[in-house]
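What you see below is based on every heavy atom in this structure, not just the backbone, and it leaves out hydrogens, waters and symmetry mates.
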Amino acid sequence: MINATLASGLTGTTTQSASQVSSNELQESYNSFLTLLTAQISNQDPLEPVDSTQFVSQLAQLTQVE
């Protein structure tokens, strides 16, 4: 037989609220976006850089995510 306090303790530690899950997903997306943006800036051709309007657009999208 399962002890009631043990069972409630197990479910309490394994479940997360929806806001925590959403916050974690947002943080992962934010980190992925920053990684991709830095890779794009680091690997762009110096003779033909990314269009500044496109770069500003990406930065604006980043602030909307936050």
To the nearest 0.5 Å, tell me how far [X] [atom1] sits from [Y] [atom2].
X: Leu37; Y: Ser32; atom1: CG; atom2: OG; answer: 12.5 Å
X: Glu25; Y: Gln20; atom1: CD; atom2: CD; answer: 12.5 Å
X: Ile41; Y: Leu36; atom1: CD1; atom2: CG; answer: 11.0 Å
X: Ser19; Y: Leu26; atom1: OG; atom2: CG; answer: 12.0 Å

Run the side chain to side chain contact (heavy atoms under 4.5 Å, CB included) test against Gln27 and tell me which residues pass, sequence neighbours left out.
Tyr30, Asn31
Taking only residues two or more places apart in sequence, or in another chain, which ones meet Ser42 in a side-chain hydrogen bond (donor to acceptor under 3.5 Å, both in side chains)?
none
